[in-house]
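Working notes for the structure below.
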There are 2 protein chains.
Amino acid sequence: MSATIALHPVPIDKLRVACSTCGLKELCLPIGLSDEELGKLDQLVTLRRTFRKGTNVYRAGDRFDALYAVRYGFFKTMVTAVDGRDQVTGFSMAGELLGMDGIGTDKHTCDAVALEDSEVCVIPYGHLEELSRELHSLQHHFHKVMSREIVRDHGVMMLLGSMRAEERLAAFLVNLSQRFTARGYSPSEFYLRMTREEIGSYLGLKLETVSRVFSKFQGEGMISVQQKHVRIIDIPRLRELIGQRPC
Amino acid sequence: MSATIALHPVPIDKLRVACSTCGLKELCLPIGLSDEELGKLDQLVTLRRTFRKGTNVYRAGDRFDALYAVRYGFFKTMVTAVDGRDQVTGFSMAGELLGMDGIGTDKHTCDAVALEDSEVCVIPYGHLEELSRELHSLQHHFHKVMSREIVRDHGVMMLLGSMRAEERLAAFLVNLSQRFTARGYSPSEFYLRMTREEIGSYLGLKLETVSRVFSKFQGEGMISVQQKHVRIIDIPRLRELIGQRPC
DNA sequence: TCCGGCGGTTGATCCAGGTCAACGAGGAAC
DNA sequence: GTTCCTCGTTGACCTGGATCAACCGCCGGA
């Protein structure tokens, strides 16, 4: 095989990428790496893939061999029970990492689905382990990312295990608001990429309940909703609802 | 300071330990390590600590600097909301790892409490990162452990988000049964170390509901319960309840 | 041995959220 | 533009599990 002829034809959705110049490097895996280290990471993350709305990055049961860093777009992850019921376990946006569920068994255990046209950086997992033996800060940061995912999951358990419907939705909105803010978007106005049913699944509620609580919040002047467009009018009051001081 | 005089007096509950001879090595961090590698791990895990029933291994907010491998005994982990409500996020038994919640922020984010007199191996986290750069299989296995924790959490979300009370308790019992089996105990007869309230918190139910469902299962001949002593009479039927084929 | 208190059980009642049903609005396909 | 069709909203009603309350039994301590 010649150096100029690819063994596997490269799909048109796969492009050269560089962490060193990526606008998300303060959110994503490169956090805290020096320029030299960033250069090495560039050699690792060489592939981008785009996903049309509704398509899967991976499915439960798929062989695991890479993590995916969201470049832009929006994803949901969900697990499906043997009887077919499914549960949305999270929503991922730019700078967040998908696929860590697969490391434990070499197979993915959930589905990751694009909720709008999206793009990810492909991080071959074997190479990540290799490189993280060399770059201590990459190693440490990767561990932090996994740990934070565990902590986030604990938060969801709290949500599902001991909060009422209104608290759950308030927590959901406040969380989205924070994450949008961190990405330079408005804290108070955004489009939901997911349906009421997906929100409900995530929050352990039925879609009708989600809709009703949205209407209630709107009636009380805390938010204004029209379909997927949400404007948060009174964030302090939402925070109060979930037991946090307005700060 | 002389080599024979400890700078910090060694508490009597801290003892020399060896992974290489530990009976739990097939469950715990040493999985898949060669004898030589095991020897190195021994140098890392040099401390055991015992905890009396009701005492904390760590609390939310404590500085994170070590992981803890359960040697014997039983623990719960729980998160507490600002308003004081708390949520049990898991129960840990021999061979399982506590403390991974702390890596992300260098502070623990939950409490770990002994539910009976217990003992753990202390794994200084910095040393673990260091050693796992050297021992590939240790590195990989540690990642697997974290990943499995994430997958376990997804299971709990499924439980809390889309199962009814009976399914939740059935899933809980089947899970305990499996974990006891893996440790060489009876799959069908065990003592619960946690109260009805703790089970309820974990499952998103009130203690009265837990008690009622126990009684219902007993009435239907699937289990026999007397206080904390549980005997599972019909595991296939419990599995059916949670939608799994009896197999 | 007795006592007190925690943990567990059970009954009666209530209500948050689920279920079922009807309808409306936006958006993609043609 | 028209036609579906999915997604969202709202109303009426129902129910699983929460809440409130009484009581019991086990276990630890004096």
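Chain naming here is simple, since letters A, B, ... match the order of the sequence lines and numbering starts at 1 in each.
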Could you work out, with salt bridge (charged side-chain N to carboxylate O under 4.0 Å, His left out) as the rule, every residue matching Arg152(A), not counting sequence neighbours?
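For Arg152(A), the residues satisfying salt bridge (charged side-chain N to carboxylate O under 4.0 Å, His left out) (neighbours in sequence not counted) are Glu149(A).
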To the nearest Å, give me how far apart [atom1] ([X]) and [atom2] ([N]) are.
X         : N       : atom1 : atom2 : result
Gln218(B) : dT10(C) : CD    : C1'   : 13 Å
Glu116(B) : dC27(D) : CD    : P     : 15 Å
Glu198(A) : dC7(D)  : CD    : P     : 8 Å
Phe214(A) : dC7(D)  : CZ    : C1'   : 13 Å
Arg196(A) : dT9(D)  : CZ    : P     : 4 Å
Ile199(A) : dC7(D)  : CD1   : P     : 13 Å
His229(A) : dT9(D)  : NE2   : P     : 14 Å
Lys228(B) : dC27(D) : NZ    : C1'   : 11 Å

Worked check of salt bridge (Lys or Arg N to Asp or Glu O under 4.0 Å) between Glu96(A) and Arg183(A):
CA-CA 11 Å; Glu96(A) 294 174 344; Arg183(A) 281 155 186 79; 3.3 Å; yes
May I ask you to evaluate whether Thr195(A) reaches the phosphate of dT6(D), defined as a side-chain N or O under 4.0 Å from OP1 or OP2?
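No, because none of the side-chain N or O atoms of Thr195(A) sits under 4.0 Å from OP1 or OP2 of dT6(D).
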Closest approach to the side chain of Ser215(A), judged atom by atom: which nucleotide of dG8(D), dT10(D), dT9(C) is it?
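Nearest to the side-chain atoms of Ser215(A), counting from C-beta on, is dT10(D).
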Option from Ile233(A), Val225(A), Val230(A) for which side chain to side chain contact (heavy atoms under 4.5 Å, CB included) with Gln218(A) holds
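Among Ile233(A), Val225(A), Val230(A), the one that satisfies the side chain to side chain contact (heavy atoms under 4.5 Å, CB included) with Gln218(A) is Val225(A).
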For Ser162(B), what residues pass the side chain to side chain donor-acceptor pair (under 3.5 Å) criterion, not counting sequence neighbours?
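With neighbours one apart ignored, the set is Gln87(A).
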Suppose we call two aromatic rings close when their centres sit under 6.0 Å apart. Are Tyr185(A) and Phe190(A) close by that rule?
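Ring centroids of Tyr185(A) and Phe190(A) are no less than 6.0 Å from each other.
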Applying the salt bridge (charged side-chain N to carboxylate O under 4.0 Å, His left out) criterion to Glu116(A), which one of Arg193(A), Arg52(A), Lys76(A) satisfies it?
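Exactly one candidate clears the test, Arg193(A).
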Give the B/S/- string for nucleotides 14-30 of chain C, one per nucleotide from 5' to 3', where a protein heavy atom under 4.0 Å of the base yields B, of only the sugar-phosphate yields S, and otherwise -.
--SSSBB----------
